[in-house]
Protein chains: 2
Amino acid sequence: MKKGKEVTIYDIASELKISVATVSRALKDDPVVSKKTKKKIFELAEKMGYRTNHFARSLRTQETNTIGFMIHELNSNFANSVLLGVEKVTTEAGYDLIIAHSSESYDKEVANARNLFNKRVDGLIASLSFDTKQYDHFKQFKDKGVPVIFFDRVEKGNDNTVVVIDNYKAGYDATQHLIDQGCRRVAHITSNLNRNVYAERYRGYKDALADNGLDRDENLVLVDNLSEKAGIDSAHKLLKQKRKFDGAFITNDFVAAAFIKTLKENGIKVPEDVAVVGFNNDAIAHLIEPSLTTINYPGIEMGEIAARTLINHIKGVSNLQQLNTLIINSDLIVRESSQKKKKGKV
Amino acid sequence: MKKGKEVTIYDIASELKISVATVSRALKDDPVVSKKTKKKIFELAEKMGYRTNHFARSLRTQETNTIGFMIHELNSNFANSVLLGVEKVTTEAGYDLIIAHSSESYDKEVANARNLFNKRVDGLIASLSFDTKQYDHFKQFKDKGVPVIFFDRVEKGNDNTVVVIDNYKAGYDATQHLIDQGCRRVAHITSNLNRNVYAERYRGYKDALADNGLDRDENLVLVDNLSEKAGIDSAHKLLKQKRKFDGAFITNDFVAAAFIKTLKENGIKVPEDVAVVGFNNDAIAHLIEPSLTTINYPGIEMGEIAARTLINHIKGVSNLQQLNTLIINSDLIVRESSQKKKKGKV
DNA sequence: CTGAAAGCGCTAACAT
DNA sequence: ATGTTAGCGCTTTCAG
């Protein structure tokens, strides 16, 4: 950027003895320009090493061709899957992506929102951090007419467009499956219940127990931070309780892996003594022993859908106002860790 | 961006009855502007909801404040760690990051390079894809004076600045460790030997064998694509060979996990029958059983160093020409999967 | 189908 | 310490 002169449309125009307007039009493939002049222009542009100046263009058009991606953290399989999906779609559509992650901090999330706002993204795809309870920092986008799509961790009870899975159903199915396997005291290890995803899964868990006439024991519900340590600690806590538990629905595969490992180290057999269901279907799920029953959470798909929906809205192909909630399929994948009854490999 | 008028420095200037130049200077915190006027300007800017127009600025200054990040793929732990490190540093320094991944394809890599070049990134951080054998697509950056730093998969034999670990040493240490544990026939599962990382690890492997007076059997060296399937297939291939093997140095933890799982399914004990060393120290390494001995490959650190070095160069604090190779520490982490002799948990 | 010219918002000489 | 002004490269009316 510093050395050497950049070729501009003026250089091309004067070389070809035509006007910059024509060059500008030709470069955008405007049908109003004749094939002949277009050809000349393209060839010379290529030859001279011309590259469009996106700043000049954005300055003029007031469009940035940039999409902001706000995520609670960047170091999980799920987060990366979503990013992968988003990146795929935005790249294909010719948009740049600015990534900002909050490390689960509300303050950082606010700062990121401000930054992306100042960078004038054309649209925003966001997942909330753990402790976000206020949503004023998204208002500036709405005020300016910048579309926002939430995914996974979404702001509930508002007219936002959100892309989610049916977390209630997933929680219900996971718990029901454990009950079907003969579990009567099912623990639930989850995270901040202010976030829709965990709240909904918890609700599914509770309803499944109730629907099967099982008592619920709040001592079996542990809220932690989805770290590996959380899995280890939770296992220890549950093992210390007098009343035994025979199943666990854990809202994250990594936590589940650490949990199972800890159980095994303490002589508890999985699934014989305790059946376990995880969440996400991370790659780790089928590599540990026993392989982990889990809920498939298709991050790539979620990212693709969020990005595609946003871009369609930006381009005016569709309208976000018309749709509020996009629900992506998620399924229970049964592997060894939960099969008390019919044992089998997957 | 579309609705509502944006506030510009002209609005602030006319409101305050001063010149735009002063406003511009004040906003950049230029010491030449008096404290008093600065204060007035900041307050009004805040009140009016002013936000700098980065396009106008970039158009003027010819600086984009953007850094390009080219990576071979985005779906590995290592890749994400590097991204995390890069993102941290660039964000702190006020740079935007444009991410482009090649999915291990040379053609895509070329296209990405072109795109980032056209977007006029101020600098580039890149890791090469599998089959990249030609490097012309990086020439355009050098010609324009845009600094490029390679990491991990680097272009060798050139005067590029590269950030790497000592792959030779890592390969040597891993192999030596297996030999120390009593292994005599050590397999090596690796990937495309055109890439420096795998070539160097292989060289370390060979030298360690030689230095210990062990024969090398090329049938024990398998080149594959780092997929999970590669781990499974490799295990089957090795098991089919008449001559037994008693150790394996595998250039990727995920492959190693699948490899070990396959061995176990075939009644082979790890580490008793076959000792295994992986590479990367992914989270999975200590969650599988037996826990996996591996080489710690600090991706976050690598990303941070690459980004910091690049930015220092851009800002003129230091000069890339002066340094060619930055080597990051990596160590062997001994866990259960390799300990034939003294068993112990980690 | 092509051209002339204004202007997007900012910065940096060059004045004062 | 502050002001004037040209110009970064592009798009887009408006005219022809």
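All values below come from the heavy atoms of this structure, side chains included, with hydrogens, waters and symmetry mates left out.
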Determine whether any donor atom in the side chain of A:Arg25 lies under 3.5 Å from an acceptor atom in the base of D:dT13, or the reverse, and answer yes or no.
-> yes

Map B:Lys28 and A:Thr22 onto DNA chain C by nearest heavy atom, then report which one ends up closer to the 5' terminus.
-> A:Thr22

Side-chain donor/acceptor of A:Tyr10 to base of D:dC10, under 3.5 Å | yes

Base, sugar-phosphate alone, or nothing: which one does B:Val33 contact when heavy atoms must sit under 4.0 Å apart?
-> sugar-phosphate

Which of A:Thr309, A:Val89, A:Ile328, A:Thr90 passes side-chain contact (heavy atoms from CB on, under 4.5 Å) with A:Glu304? Answer is A:Val89

Nearest-Å distance for atom pair CD1/C1', residues A:Ile9 and C:dA4 | 13 Å

Minimum-distance nucleotide to A:Ile18 side chain [options: C:dG3, C:dT11, D:dG9] = C:dG3

Among the nucleotides D:dT2, C:dT2, D:dT5, which one has an atom lying closest to any side-chain atom of B:Ser34?
-> D:dT2

Does the side chain of A:Thr66 come within less than 4.5 Å of A:Arg120's, by heavy atoms?
-> no

Ranking D:dC10, C:dG9, D:dC8 by distance to the side chain of A:Tyr50, first place goes to D:dC10

Given the options B:Glu104, B:Glu73, B:Glu109, B:Arg153 meets salt bridge (charged side-chain N to carboxylate O under 4.0 Å, His left out) only with B:Glu104

Side chain A:Asn118, main chain B:Arg51, donor-acceptor under 3.5 Å | no

Touch class at under 4.0 angstrom, heavy-atom based, for B:Ser58 against every strand present | nothing

How would you label the contact of B:Ser24 with the nucleic acid (heavy atoms, under 4.0 Å): base, sugar-phosphate, or nothing?
-> base

